[in-house]
Amino acid sequence: MSTGKENVLFTPKWWKEVAYLNLGTLLTALGVYFFKFPNRFTTGGVSGLSILVNRFIPSVSMATSNLILNIALLVVGVAFLGKSFGIRTAYSSLLYSLITLLFEKVVPLDGPMTNQPLLELLFAVALPAIGAAMLFDAHASSGGTDVIAILIKKYTRFNIGVGLMLADLIVAVGACFIFGMATGLYSLFGLFAKSMLVDIVMDNLRTCKVFQIITANPDPICQYILEQVHHGATITEAEGAFTHEKRKIIMTVVNRSQAARLQRFVRSTDPHSFITITSSSEIIGKGFRGTTE
């Protein structure tokens, strides 16, 4: 007897989403364990709080406290953020904590891998920021203060990056007093850089191409959009200001890979067509993101 849920499991789309979550989680864990933990960069988050905990309770490893704190905040997230988000975040949060524990056992580190703290800070910021943006884009999170950031976004007008900064600022400031001003300043810089980078990466992940095609031969172009690109299109009447010839304007929205194919097809079908292409990271409507997601 089918429950309906069987139709969405183990499909190509399901496997793609799992791989996307795994990659985002792995990038976060790599940046935290190999670059953030050894340098004591407390750029906020549960990983930063774990560094502070380890400073006062050395018997509790950073990976272990990371797991405990993530589970605690995960319970809060599930209570406020819906079932789908809770499941995805629970998976990513636990996988992230287990990966850091595995790294701790397999590749133990006694200190930074290089004597270049600024270089390591770049990786400590960039890898988790890209990973967090991928998880946010998939309506998930690696847990921890990411959950608080999403709660801030849900109930205020602040975006994810600002929410992360507000949630992590206290932890980063603590590094100034506990690990010295140099480490503290690196941590504060990393916090602000991560907040901006998350928003930049998310915008790039969500960017679509908006086409406006002015053509005298709209039928094959519309057929290609509907049957090959699998998107809708809107047709409006137009008239040339100089020639007063009648034309059609086709408007459609596609992703980046589809944009290149559509542009080639339009140019080969109607070499005299006129195309304008703009980028947008906020497309609301059927087949794209909506306000209720």
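Quick caveat: nothing in here was measured; it's all calculated off a predicted structure.
You'll find the side chain of L197 stays beyond 4.5 Å of the side chain of K194, heavy atoms only. Here the side chains of L188 and L169 are in contact, with some heavy-atom distance below 4.5 Å. Between V210 and I277, every side-chain heavy-atom pair lies at or beyond the 4.5 Å cut-off. Looking only at side-chain heavy atoms (C-beta outward), F274 and T215 stay at 4.5 Å or farther from each other. Within the 4.5 Å cutoff, the side chain of L205 has heavy atoms near those of the M134 side chain. Side-chain atoms of L52 and T42, non-hydrogen and from C-beta on, do get closer than 4.5 Å to each other. In this structure, L69 and S50 have side chains that are in contact, with non-hydrogen atoms separated by less than 4.5 Å. Looking only at side-chain heavy atoms (C-beta outward), T11 and W15 stay at 4.5 Å or farther from each other.
In terms of heavy atoms, A138 sits closest to R88 at O-NH1, 2.9 Å. Closest approach of N70 to S97, counting heavy atoms only: ND2-OG, 3.2 Å. Of all non-hydrogen atoms in G48 and V171, the two that sit nearest each other are C-CG1, 3.7 Å. Pairing each heavy atom of A175 with each of S187, the nearest pair is CB-OG, 3.9 Å. In plain terms, the two heavy atoms of V198 and A132 that are nearest each other are CG2-CB, 4.5 Å.
Looking only at atom types and distance, the side chain of T278 has no donor-acceptor partner in the side chain of K209 under 3.5 Å away. No donor-acceptor contact under 3.5 angstrom links the side chains of H230 and Q258, judged on distance only. Side-chain N/O atoms of K36 and S47 include a donor and acceptor closer than 3.5 Å.
Atoms CG and NZ, on L101 and K105 in that order, are 7.5 Å from each other to the nearest 0.5 Å. Expressed to the nearest 0.5 Å, how far SG of C222 lies from CD1 of I250 amounts to 3.5 Å. Interatomic distance, CG of L21 versus CG of L95, reported as 9.0 Å (0.5 Å rounding). Residue I225 holds its CD1 atom at 11.5 Å from CZ of R261, rounded to the nearest 0.5 Å. The structure places OG of S279 at 9.0 Å from CG of N204, a figure rounded to the nearest 0.5 Å.
The side chain to side chain contact (heavy atoms under 4.5 Å, CB included) test applied to I68 returns T64, not counting sequence neighbours. Residues satisfying the side chain to side chain donor-acceptor pair (under 3.5 Å) criterion with S257, sequence neighbours excluded, are N255. By the ring-ring contact (aromatic ring centres under 6.0 Å, His included) test, F35 is found to be paired with F123, residues two or more places apart in sequence or in another chain being considered. Taking the side chain to side chain contact (heavy atoms under 4.5 Å, CB included) definition, one finds that L102 meets it with V106, sequence neighbours left out. Applying the side chain to side chain donor-acceptor pair (under 3.5 Å) rule to T183 yields no partners; only residues at least two apart in sequence or on another chain are considered. Legend: residues meeting side chain to side chain contact (heavy atoms under 4.5 Å, CB included) with E245, ordered by chain and number and at least two apart, are T243, R247. With sequence neighbours left out, E239 forms a side chain to side chain donor-acceptor pair (under 3.5 Å) with H244, K246. Among residues two or more places apart in sequence or in another chain, the side chain to side chain contact (heavy atoms under 4.5 Å, CB included) test is passed with I71 by L67, L94. Applying the side chain to side chain donor-acceptor pair (under 3.5 Å) criterion to Y91, with sequence neighbours excluded, gives N22.
Distance alone, capped at 3.5 Å, is enough to place a donor-acceptor pair between the R267 side chain and the S273 backbone. With T252 contributing its side chain and G232 its backbone, the two residues share a donor-acceptor pair below 3.5 Å. Checked by atom type and distance alone, the side chain of T43 never pairs as donor or acceptor with a backbone atom of L191 at under 3.5 Å. In this structure a side-chain-to-backbone donor-acceptor pair under 3.5 Å is missing from Y33 to A63. Here the side chain of S65 pairs a donor or acceptor atom with the backbone of M62 at under 3.5 angstrom. Checking side-chain atoms of T269 against main-chain N and O of V266 turns up no donor-acceptor pair under 3.5 Å. In terms of modelled atom types and a separation under 3.5 Å, the side chain of Y96 and the main chain of T25 share no donor-acceptor contact. Judged by distance alone, the side chain of D137 and the main-chain N or O of A133 form no donor-acceptor pair under 3.5 Å.
Residue pairs meeting the ring pair (Phe, Tyr, Trp, His ring centres under 6.0 Å) criterion with at least one partner in residues 177-209, sequence neighbours excluded, are F41-Y186. Judged as a ring pair (Phe, Tyr, Trp, His ring centres under 6.0 Å), the pairs with a partner in residues 198-225 (not counting sequence neighbours) are, in order, Y224-F265. Applying the side-chain hydrogen bond (donor to acceptor under 3.5 Å, both in side chains) test to every pair with at least one member in residues 113-125, sequence neighbours left out, gives these pairs: N39-E120, T114-E120.
A continuous path of ILVMFWY side-chain contacts below 4.5 Å connects I178 to L49, so both sit in one hydrophobic cluster. No chain of hydrophobic side-chain contacts below 4.5 Å, direct or via other Ile, Leu, Val, Met, Phe, Trp or Tyr residues, connects L262 to I214. Taking hydrophobic clusters as Ile, Leu, Val, Met, Phe, Trp and Tyr residues chained together by side-chain heavy-atom distances below 4.5 Å, L27 does not share a cluster with L98. Hydrophobic clustering, with ILVMFWY side chains joined whenever heavy atoms are under 4.5 angstrom apart, keeps I235 apart from L226. Grouping the Ile, Leu, Val, Met, Phe, Trp and Tyr side chains by contacts below 4.5 angstrom, directly or via other members, places Y20 with L135.
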For this session: Evaluate the criterion side-chain contact (heavy atoms from CB on, under 4.5 Å) for residue pair I213 and I249; output intermediate values, then yes/no.
Result: CA-CA 5 Å; I213 306 165; I249 299 177; over 6 Å; no

